[in-house]
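Encoded as structure tokens, the structure appears first; notes follow it.
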Amino acid sequence: MPGAVMAWYRENARDLPWRRPEFADRYGGWGVLVSEFMLQQTPVTRVIPHLEAWLARWPTPTSLAADAPADAVRQWANLGYPRRALWLHRAALEIRDRHGGVVPRDVDALLALTGIGDYTARAVAVFAYGERHPVVDTNTRRVIVRAIDGRSQPDPPSRRDLDAMESLLPAGDAESALFNAAMMELGATVCTARSPLCDACPIAHICAWRLAGRPDTGDTRRKQARYEGSDRQARGAVLKTLRAATSRSVPIEAVLPDWPDPLQRDRAIDSLVADGLAEASGGFLRLPA
DNA sequence: AAAGCGTGGTT
DNA sequence: TAACCAAGCTT
């Protein structure tokens, strides 16, 4: 299977900034690290412009570390999950203080950085430094569960995913990096969650799920909670006003004065402060200095 | 270990 | 239109 997927990838990979040879100098350890933070749960097409702007402003971890977390949260804009901006800033501090300003290539050192888990650590080690590790994201998990297990949707991430991918990995470093990227790409563009394009799939002939008639095998994934009216929506609205504020501090009574549920607004402010995404003092609220 | 965490595009 | 979906991580 790896051979067919890699051959398909060579012909069909999307033209993305970090894949362009002329941008290779921008996508070393730091460029890949920033891109992977942004890509955690945010679609590629929304990430690209923000990624280029971020790297233009902060071309190194040390340059980001020299600015305030508030600057990172503002620059993050509407990418969503703003604590990623906070965590990325924290990781930059850790890289400056523990690694001399150089993004580490060792998976365990990467895992020890704030905001980096099993996926991101291996993605940096493999795509930035060419090491040989299994890189498993939701796309790869979906391809594997369909092709091998014959089911329609993957289970939540687990240690087994890494083992399954490891057993498929080609022997060479460069080949294994290509295969990791190819599996993600196949899941992202062909073996999609909702309407897979099996006619365009390079491994349709050996796919257990397709050969079984694409049964709906049930979905063990968690359902996403309703957003409209949620605390998350309230947090998002509070943070949006803090980001937009021209003066850096906002009187607390001026934050969402007309929010339908004042208790929910207060809860949102408190939780943002608890998360370090906002600071309250003297009746004012602001992004973290 | 299950739940919480943004935002916007697609179906 | 409401639900689904998107290169996950932390507690």
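So that the names make sense, note that chain A is the first sequence line, chain B the second, and so on, each numbered from 1. These numbers come from the heavy atoms of this one structure, side chains and all, not from hydrogens, waters or symmetry mates. These figures come from a predicted structure and were not determined experimentally.
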Looking at every strand, decide which applies to A:Arg122 at a 4.0 Å heavy-atom threshold: base, sugar-phosphate, or nothing.
-> nothing

Indicate, with a heavy-atom threshold strictly under 4.0 Å, whether A:Trp76 touches base, sugar-phosphate, or nothing.
-> nothing

Whole-Å distance between C:dG8 P and A:Leu162 CG?
-> 14 Å

Rounded to whole Å, the CZ-P distance (A:Arg159 to C:dC9) equals 13 Å

Answer yes if the side chains of A:Gln264 and A:Asp231 hold a donor-acceptor pair under 3.5 Å, and no otherwise.
-> yes

Residue mapping more 5' on DNA chain C - nearest nucleotide basis, A:Thr114 or A:Arg19 | A:Arg19

Could you check whether A:Thr120 gets within reach of a base, just the sugar-phosphate, or nothing at all, counting any heavy atom under 4.0 Å?
-> sugar-phosphate

Distance, rounded to the nearest Å, where A:Leu39 contributes CG and C:dC5 contributes C1' | 15 Å

Atom-pair distance (CZ on A:Arg226; C1' on C:dA3), nearest Å | 9 Å

Distance in angstrom units between A:Arg141 CZ and C:dC5 P, rounded | 13 Å

Looking at C:dA6, C:dA7, C:dT10, which one has an atom nearest to any side-chain atom of A:Ala193?
-> C:dA6

Quick one: does A:Met1's side chain get under 4.5 Å of A:Pro202's, heavy atoms only?
-> no

Side-chain H-bond candidate by donor/acceptor type, A:Tyr119 with A:Gln40, under 3.5 Å | no

In whole angstroms, the gap separating P of B:dC5 from CG of A:Asp275 amounts to 8 Å

Would you tell me if any nitrogen or oxygen in the side chain of A:Arg222 comes within less than 4.0 Å of OP1 or OP2 on C:dG8?
-> no

Are A:Arg26 and A:Phe23 in a cation-pi setup, meaning NZ or CZ lies under 6.0 angstrom from the ring centre and within 45 degrees of the ring axis?
-> yes

Taking for each residue the nucleotide of DNA chain C bearing the nearest heavy atom, is the 5' side occupied by A:Ala121 or by A:Gln153?
-> A:Gln153

Strictly by modelled atom types, are A:Arg235 and A:Ser271 linked by a side-chain donor-acceptor pair under 3.5 Å?
-> yes

For A:Asp118 and C:dA7, what is the distance between atoms CG and P respectively, to the nearest whole Å?
-> 18 Å

Base-contact (B) and sugar-phosphate-only (S) positions in nucleotides 6-11 of chain B, heavy-atom cut-off under 4.0 Å, - elsewhere | BBS-BS

Roughly, in whole Å, what's the span from CD in A:Glu36 to C1' in C:dA6?
-> 14 Å

